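As structure tokens, the structure follows; a few thoughts come after it.
Note that these values count all heavy atoms, side chains included, but never hydrogens, waters or copies made by symmetry. Just so you know, these numbers come straight off a predicted model, no measurement behind them.
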Amino acid sequence: MSSSTPNIVFRFCIIFIAVLSLAPVELYSQQESSSRHNKSSTFAISVHYLHIIPDKELDKTWNANLSFGGFVKHNYYDGNLIAGIDFAKYNNRYSTEPSFFSLYTYIGWECPFYVSRQLTISPALTFGLWNMQFEAHPLKDNESVLEMEFAISPWVTANFNFTDEISSYFRFNPLMVFTKKYINEFHIAAGIQYYFTAPKFVSDVLK
């Protein structure tokens, strides 16, 4: 994969999100979409495998692997509130540098577009903290170091609905981390999502 590929995919994702944001929300009938997920009444919990196309500079020193994540969301008016985490292990390419774990903890907003009964396309915007836990290293005072940076990530998710309760999904999103040296990764996630009715007191609070 050429070094320009992440930038091309990143730009395509941004353009795609912008186009979807300008499109009519009701691509599928309101009756069908509301019967699937009644507003302010449904939770979803998701888990996914995560493939990372790394930042070009970061990739010179660390190799990203063992990546996964998950999130929960709740219907709220015309979209979904989201909260989640993405975890990754970055192994050092050189013995002079420590390996580290990253944890992106985020909240966000998702706006679903009901293309058909089986397919939903959902652009979203999330923001949160990108936590880096560096492992102890004999050349770095042999102490672990924790760093936290602000990050933002727009995404597009394609949901393939098997039933009213279960769907699979593919997610495409750049991750922009505002460190001293700007980090720009691209993530591709594949996972499964389960919907269930929210407890009444939660629905009452969110009304």
Do you reckon [X] sits in the same ILVMFWY cluster as [Y], going by side-chain contacts under 4.5 Å, direct or chained?
{"X": "Tyr49", "Y": "Leu175", "result": "no"}
{"X": "Phe87", "Y": "Ile45", "result": "no"}
{"X": "Phe134", "Y": "Trp130", "result": "yes"}
{"X": "Met132", "Y": "Leu129", "result": "no"}
{"X": "Leu66", "Y": "Leu58", "result": "no"}

Next on the checklist: Using the ring-ring contact (aromatic ring centres under 6.0 Å, His included) definition, which of the options Tyr169, Phe43, Tyr104 pairs with Phe71?
Outcome noted: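 It is Tyr169; the other options fail the test.
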
Next on the checklist: Please evaluate residues Leu81 and Trp109 with respect to the criterion side chain to side chain contact (heavy atoms under 4.5 Å, CB included), reporting the C-alpha separation (whole Å), side-chain torsions for both, the decisive distance (0.1 Å), and the verdict.
Outcome noted: CA-CA 5 Å; Leu81 298 174; Trp109 175 264; 3.6 Å; yes

So, do [X] and [Y] sit near enough that their side-chain heavy atoms are less than 4.5 Å apart?
{"X": "Thr157", "Y": "Phe170", "value": "no"}
{"X": "Leu119", "Y": "Phe160", "value": "yes"}
{"X": "Ile152", "Y": "Leu125", "value": "yes"}
{"X": "Glu165", "Y": "Phe196", "value": "no"}
{"X": "Arg171", "Y": "Ser122", "value": "no"}
{"X": "Arg117", "Y": "Asp164", "value": "yes"}
{"X": "His51", "Y": "Ile53", "value": "yes"}

Output the distance between atom [atom1] ([X]) and atom [atom2] ([Y]), rounded to the nearest 0.5 Å.
{"X": "Ile192", "Y": "Asn159", "atom1": "CD1", "atom2": "CG", "result": "11.0 Å"}
{"X": "His48", "Y": "Ser67", "atom1": "NE2", "atom2": "OG", "result": "9.5 Å"}
{"X": "Ile166", "Y": "Tyr194", "atom1": "CD1", "atom2": "OH", "result": "7.0 Å"}

Show the nearest heavy-atom pair for residues [X] and [Y], with the distance to one decimal.
{"X": "Ala44", "Y": "Gln193", "result": "CB-CG, 4.0 Å"}
{"X": "Glu135", "Y": "Pro98", "result": "O-CB, 3.4 Å"}
{"X": "Gly79", "Y": "Pro112", "result": "CA-CD, 4.0 Å"}
{"X": "Asp86", "Y": "Tyr106", "result": "OD2-CE2, 4.1 Å"}
{"X": "Lys89", "Y": "Phe101", "result": "CD-CE2, 3.3 Å"}
{"X": "Tyr90", "Y": "Ser102", "result": "CE1-OG, 3.3 Å"}

Could you tell me whether a side-chain N or O of [X] sits under 3.5 Å from a main-chain N or O of [Y], the two making a donor and an acceptor?
{"X": "Thr105", "Y": "Ile85", "result": "no"}
{"X": "Asn131", "Y": "Leu103", "result": "yes"}
{"X": "Arg93", "Y": "Asp59", "result": "yes"}

Checklist entry - Do the ring planes of Phe100 and Trp62 sit parallel (below 30°), tilted (30 to 60°) or perpendicular (above 60°)? => result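 Phe100 and Trp62: perpendicular rings.
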
Item to check | Contacts of type salt bridge (Lys or Arg N to Asp or Glu O under 4.0 Å), residue Asp55, not counting sequence neighbours | outcome: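 If we apply the salt bridge (Lys or Arg N to Asp or Glu O under 4.0 Å) test to Asp55, skipping adjacent residues, there are no hits.
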
Next on the checklist: Heavy-atom count check: over 12 atoms from other residues, nucleotides or ligands less than 6.0 Å from Phe150 CZ?
Outcome noted: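 Enclosed.
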
Item to check | Flag for Asn173-Ser153: side-chain donor and acceptor within less than 3.5 Å | outcome: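 A donor-acceptor contact under 3.5 Å links the two side chains.
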
Checklist entry - Can you check side chain to side chain contact (heavy atoms under 4.5 Å, CB included) on Thr61 and Asn92, steps first, answer last? => result CA-CA 6 Å; Thr61 308; Asn92 58 353; 5.7 Å; no

Item to check | From CA spacing to verdict: side chain to side chain contact (heavy atoms under 4.5 Å, CB included), Phe127, Met176 | outcome: CA-CA 9 Å; Phe127 60 92; Met176 295 161 282; over 6 Å; no

Item to check | side-chain hydrogen bond (donor to acceptor under 3.5 Å, both in side chains) against Glu147, all qualifying residues, sequence neighbours excluded | outcome: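 Glu147 satisfies side-chain hydrogen bond (donor to acceptor under 3.5 Å, both in side chains) with no residue once adjacent residues are dropped.
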
Next on the checklist: Using the side-chain hydrogen bond (donor to acceptor under 3.5 Å, both in side chains) criterion, which residues pair with Lys60? Sequence neighbours excluded.
Outcome noted: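 In terms of side-chain hydrogen bond (donor to acceptor under 3.5 Å, both in side chains), with neighbours along the sequence ignored, Lys60 is linked to Glu57.
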
